[in-house]
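Let me begin by presenting the structure, written as structure tokens, before commenting on it.
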Amino acid sequence: MTEGTARTTYFVRGMVQGVGFRWWTRAQALELGLAGHARNMSDGRVEVVAEGPADTVEELGRRLSPAAPPGAGRRRPGHVESCVAVPGEPRGDASGFVEK
């Protein structure tokens with residue numbers, strides 16, 4: 001596990017708009033104690049920005065991944081084809097996790 005604070009933007013492609021994916025992502029992020037947002041993009045992707053402890057940001061990335069292991073309470077709506085992670089510098093300016 002990685003230590004410290006991390007900020008990662010995930011770009012999720014697939015059938016992820018209009019199916020409750022942002023709501024599900026928000027629930028996952030709040031469960032993990034992360035700050036940030038999930039928003040629909042005009043090209044059909046969902047952008048997820050997550051900031052918090054590095055290990056929990058990475059865990060959210062695993063849950064967003066197309067290869068996410070099935071688990072209780074983790075049934076993800078829609079269908080994820082790809083999830084690209086773009087690391088960034090933590091800002092510390094976000095609180096809570098919102099759908100945009």
Side-chain angles (χ1 to χ4, degrees):
M1 287 190 185
T2 311
E3 296 180 14
T5 301
R7 180 183 182 96
T8 301
T9 301
Y10 297 99
F11 294 99
V12 185
R13 182 178 302 278
M15 191 178 72
V16 291
Q17 290 191 10
V19 294
F21 185 82
R22 288 179 301 140
W23 176 87
W24 177 88
T25 299
R26 178 179 180 270
Q28 299 300 304
L30 291 174
E31 176 184 304
L32 293 168
L34 298 172
H37 70 264
R39 72 175 180 96
N40 287 338
M41 299 179 67
S42 61
D43 64 3
R45 296 179 296 168
V46 170
E47 174 194 66
V48 178
V49 176
E51 185 168 329
D55 58 340
T56 55
V57 171
E58 291 169 7
E59 174 59 23
L60 180 63
R62 284 189 286 276
R63 294 181 186 188
L64 295 172
S65 164
R74 292 196 184 154
R75 182 170 173 123
R76 184 177 54 206
H79 174 74
V80 173
E81 293 174 6
S82 68
C83 179
V84 176
V86 179
E89 289 297 317
R91 296 183 189 169
D93 61 353
S95 62
F97 198 95
V98 298
E99 295 175 58
K100 291 187 173 186

| query | Is Leu30 reachable from Val98 through a run of I, L, V, M, F, W or Y residues, each pair having side-chain heavy atoms under 4.5 Å apart? | reply | no
Per-pair distances, 0.1 Å, donor-acceptor, side chain in residues 46-54, under 3.5 Å, sequence neighbours excluded:
unit_1: Glu47; atom_1: OE1; unit_2: His37; atom_2: NE2; d: 3.0
unit_1: Glu47; atom_1: OE1; unit_2: Arg39; atom_2: NE; d: 2.7
unit_1: Glu51; atom_1: OE1; unit_2: Arg7; atom_2: NH1; d: 2.7
unit_1: Glu51; atom_1: OE1; unit_2: Arg91; atom_2: N; d: 3.1
unit_1: Glu51; atom_1: OE2; unit_2: Arg91; atom_2: N; d: 3.1
unit_1: Glu51; atom_1: OE2; unit_2: Gly92; atom_2: N; d: 2.6

| said: Any heavy-atom pair between the side chains of Arg63 and Trp24 that's under 4.5 Å? | reply: yes
| query | If Ile, Leu, Val, Met, Phe, Trp and Tyr residues are connected whenever their side-chain heavy atoms lie under 4.5 Å apart, and connections chain through other members, are Val16 and Val86 in the same group? | reply | no
| remark: Heavy-atom closest pair (Pro87 atom, Ala85 atom, distance to 0.1 Å) is CD-O, 3.7 Å
| message | Under the rule for side-chain hydrogen bond (donor to acceptor under 3.5 Å, both in side chains), what residues qualify as partners of Arg26, not counting sequence neighbours? | response | none
| field | Value rounded to 0.5 Å, distance of CD in Glu81 from CE in Met15 | value | 9.5 Å
| query | Does the Ser65 side chain pair with the main chain of Gly61, one donor and one acceptor, at a distance under 3.5 Å? | reply | no
| Residues that Arg45 engages under side-chain hydrogen bond (donor to acceptor under 3.5 Å, both in side chains), provided they are two or more places apart | Asp43
| request: Working to the nearest 0.5 Å, report the span between CZ of Arg62 and SG of Cys83. | output: 12.0 Å
| Which value, rounded to the nearest 0.5 Å, describes the distance between Leu32 atom CG and Phe97 atom CZ? | 10.0 Å
| query | Does the side chain of Leu64 reach to within under 4.5 Å of the side chain of Val80, using non-hydrogen atoms? | reply | no
| query | To the nearest 0.5 Å, what is the distance between OH (Tyr10) and OG1 (Thr25)? | reply | 11.5 Å
